[in-house]
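Worksheet: the structure to be examined is printed underneath.
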Protein chains: 2
Amino acid sequence: MTRPTLDDVAREAGCSAKTVSNVVLGRPGASAATRARVEQAIARLGYVADPSGRQLASGRTGRIAVVVPDLHQPYFAETAERLILEIERAGMSSTLVIAGDQESELRAVASAQDVDGVIVCPHWLRDDLFDRSPPSRPTVQLGSGPTRVFDRVVMGEYEGFRRLTSHLLGQGRRRIALIWTGAEGVAPEGARYEGYRDALEEAGVALDPGLIAFGSDWDRRASGFEAMIALLASGRRFDAVLCVNDAMAIGAMRALRMRGVRVPGDVAVTGFDDTVEGAHLVPSLTSVSPRTGEMAATAVRLLRERVEGESGPPREVLVGVDLIVRDSG
Amino acid sequence: MTRPTLDDVAREAGCSAKTVSNVVLGRPGASAATRARVEQAIARLGYVADPSGRQLASGRTGRIAVVVPDLHQPYFAETAERLILEIERAGMSSTLVIAGDQESELRAVASAQDVDGVIVCPHWLRDDLFDRSPPSRPTVQLGSGPTRVFDRVVMGEYEGFRRLTSHLLGQGRRRIALIWTGAEGVAPEGARYEGYRDALEEAGVALDPGLIAFGSDWDRRASGFEAMIALLASGRRFDAVLCVNDAMAIGAMRALRMRGVRVPGDVAVTGFDDTVEGAHLVPSLTSVSPRTGEMAATAVRLLRERVEGESGPPREVLVGVDLIVRDSG
DNA sequence: CTGAAAGCGCTTACAG
DNA sequence: CTGAAAGCGCTTACAG
């Protein structure tokens with residue numbers, strides 16, 4: 001009553017193990033008649049290939065590691081879900097690594113074990129970390145980040161922020177605040193910021209640095225709340241606020257509601273990520289949707305190519321975004 | 001420049017592979033001197049054991065499958081996160097399976113491959129499904145569900161609902177509605193319902209079946225919304241609503257806000273699960289916290305015992321809950 | 001198109 | 001306390 005092995009099937013079918021292996025792997029090298037005999041034997045014995053033997057012999061695990069900083073923030077949960085389903089669709093399995101700090105995030109990439117490759121949604125990684133501990137497996141990065149050593153799938157952050165800003169300007173709003181992640185006083189930079197800046201410039205509206213508020217990002221919702229409280233306390237007037245992501249927008253809306261500011265009447269609020277949570281808020285959150293399905297599929301494709309031996313320099317694929325106008329602005 | 005193997009280490013240390021294996025596995029059977037030589041050799045060569053060889057030889061993968069219906073509902077995302085971190089703490093790795101329908105949920109349990117055991121948060125499973133396809137690996141169930149074939153870790157659902165109901169009664173509320181999951185007209189049953197019923201009975205308040213509203217549960221938030229719209233449309237008076245979980249409470253609050261009903265002034269609202277999302281709502285959601293950390297740790301412990309050979313009938317561990325009173329009721 | 005044999009990198013009785 | 005050998009269940013050149 002022990003599990004049947006490849007040899008059992010071979011004996012049952014009257015052929016060699018090699019032939020059974022060929023049939024199981026769907027390879028050529030088996031006449032139709034032999035193939036049929038093997039398939040019958042497999043069905044009769046209820047044979048299922050043992051992954052351990054296969055892994056040891058082939059050097060492939062058929063498994064991909066997905067690395068995210070956490071699962072309690074909707075963006076990462078939804079991204080992980082997309083990736084896992086996409087990996088399964090590709091006939092592989094996955095292992096989800098939750099890397100809650102820089103050390104574990106680095107280890108997940110530099111010491112990946114028991115997987116053919118890694119897809120990482122980075123939070124703390126920087127290029128220089130890999131000088132001493134290079135990735136142990138082919139690695140693809142999903143989402144923005146400061147690293148340039150892997151293949152990258154990036155979302156249209158510039159495009160998204162530019163379109164959000166233009167959309168608010170189109171409503172006649174002129175005092176458009178920005179809720180940003182990072183230390184107070186460190187000037188914003190990067191694609192999202194440039195999209196905001198360029199849209200204002202195009203409309204001839206001066207960018208007021210006093211309208212930029214910072215959240216510390218230990219928790220996205222909490223830091224959006226914190227940033228908005230600070231912005232309100234500053235006494236500056238504003239009629240819209242662009243938040244760097246949905247989670248911070250949710251925190252910001254909470255602060256506005258507590259202070260009795262009406263959304264979108266007094267202030268329009270926008271997010272970025274198009275999370276389910278934002279869609280269910282009242283008022284529902286205007287946001288930018290990053291086409292996460294396409295991003296996940298692209299990340300899996302790039303990684304599989306690397307696993308198959310693709311060398312060459314790091315590649316970058318830019319995936320488009322969609323503006324999702326809802327009730328908040 | 002190929003990876004060093006156990007034999008390389010043995011040669012370097014001047015001993016047999018078996019001894020190296022003993023040292024790596026932290027087993028007795030190696031003098032202090034030998035152990036030191038082996039450890040030096042390991043460090044010198046940068047040896048890391050290959051999981052494939054280990055798996056094939058030992059019959060153990062060191063990996064546990066975690067099965068959830070999805071990751072975009074906060075309860076499942078947070079539960080998966082807890083489990084994965086707990087599994088890692090136990091020195092094992094995990095593979096997260098997202099089973100979006102009954103067939104894949106059953107397959108994840110009945111045809112688990114390449115793992116030592118399975119922890120499932122069931123959504124569609126029923127006992128009779130396992131008559132024909134029994135679990136292929138030791139399996140533990142986390143959360144309530146209609147199955148009795150595995151070890152189960154269940155939360156204090158009865159206690160939680162009873163305490164929530166008593167809490168609302170203590171505020172003087174008497175018309176306490178219930179937002180439930182399931183088909184219209186199918187009488188509610190189970191621990192949560194009994195907690196509600198018994199608390200009302202204890203207070204001498206008659207249970208009004210007209211105050212029970214049903215959501216179809218294809219999406220929790222959406223079905224909470226749907227159920228509340230129907231309840232409001234029924235014209236029945238109520239001053240509180242107990243929702244079967246946080247996600248449905250979030251949908252219900254959205255409906256109340258849309259209709260201009262004040263929370264908690266006109267109607268108190270409570271959830272169940274204590275999700276981060278509920279805590280960030282305005283007004284923040286009163287809920288019951290299931291001690292998810294303890295549940296996850298218990299599930300992992302039970303499963304490891306089964307993997308180690310524990311036989312015996314299915315066990316059940318009841319984990320307590322905490323009442324979390326916030327602003328919504 | 002198919003076979004017999006070697007080998008992937010470990011662990012595990014079996015000896016001593 | 002340690003060694004030599006067999007074996008886990010596959011795949012992969014090598015032959016024919």
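So you know, we letter chains A, B, ... as the sequences are listed, proteins then strands, and number each from 1.
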Can you tell me the distance, in whole Å, between the [atom1] atom of [X] and the [atom2] atom of [N]?
X: B/Q55; N: D/dC8; atom1: CD; atom2: C1'; answer: 12 Å
X: B/D114; N: D/dG9; atom1: CG; atom2: P; answer: 14 Å
X: B/D50; N: D/dC10; atom1: CG; atom2: P; answer: 17 Å
X: B/D8; N: C/dG9; atom1: CG; atom2: C1'; answer: 10 Å
X: A/R54; N: C/dG9; atom1: CZ; atom2: C1'; answer: 18 Å
X: A/L56; N: D/dT11; atom1: CG; atom2: P; answer: 11 Å
X: A/R37; N: C/dC1; atom1: CZ; atom2: P; answer: 14 Å
X: B/R11; N: D/dG3; atom1: CZ; atom2: P; answer: 14 Å

Run the salt bridge (charged side-chain N to carboxylate O under 4.0 Å, His left out) test against [X] and tell me which residues pass, sequence neighbours left out.
X: A/D131; result: none
X: B/E294; result: none
X: B/R60; result: B/E308

- Establish, from distance only, whether the side-chain atoms of A/Q73 and A/N245 form a donor-acceptor pair under 3.5 Å.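 Their side chains do not contain a donor-acceptor pair, so the 3.5 Å distance test is not met.
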- Task: Please determine, by modelled atom types, if A/D101 and A/S104 share a side-chain donor-acceptor pair under 3.5 angstrom.
- Result: yes
- Item | Range-with-range stems for DNA chain C, at least three Watson-Crick or G-U pairs under 3.5 Å |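 So the stems come out as C:1-3 with D:14-16, C:5-12 with D:5-12, C:14-16 with D:1-3.
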- Query: When you match A/V24 and B/C15 each to their closest nucleotide on DNA chain D, which lands nearer the 5' end?
  - Reply: B/C15
- Closest-nucleotide ordering on DNA chain D, the 5'-leading residue of B/G14 and A/V48: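 Between the two, 5'-proximity favours B/G14.
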- Item | Shortest side-chain distance from A/T19, nucleotide among C/dT2, D/dC1, C/dC10 | C/dT2
- Message: Closest approach to the side chain of B/L6, judged atom by atom: which nucleotide of C/dC1, C/dC10, D/dG3 is it?
- Response: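 For the B/L6 side chain, the nearest candidate turns out to be C/dC10.
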- Query: Looking at B/S52, does any N or O in its side chain come under 4.0 Å of the phosphate oxygens OP1/OP2 on C/dC10?
  - Reply: no
- Is the shortest side-chain N/O distance from B/T5 to OP1 or OP2 of C/dG9 below 4.0 Å?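 Answer no for this pair, as no side-chain N or O of B/T5 is under 4.0 Å from OP1 or OP2.
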- Carboxylate-amine/guanidinium proximity below 4.0 Å for A/R107 and A/E103: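 Looking at A/R107 and A/E103, the cut-off is met.
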- Query: For B/V118 and B/L303, which heavy atoms make the closest approach, and how far apart are they?
  - Reply: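 Nearest heavy atoms, B/V118 then B/L303: N-CD2, 3.7 Å.
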- Query: B/S93 and B/I87: which non-hydrogen atoms are nearest, and at how many Å?
  - Reply: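 That would be O-CG2, 3.6 Å.
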Using the 3.5 Å cut-off, write out each protein N or O paired with an N or O of nucleotides 12-16 of chain D and the distance between them.
from: D/dT12; atom 1: OP2; to: A/R27; atom 2: NH1; distance (Å): 2.9

- ring pair (Phe, Tyr, Trp, His ring centres under 6.0 Å) with A/F150: which residues, sequence neighbours excluded? A/F130
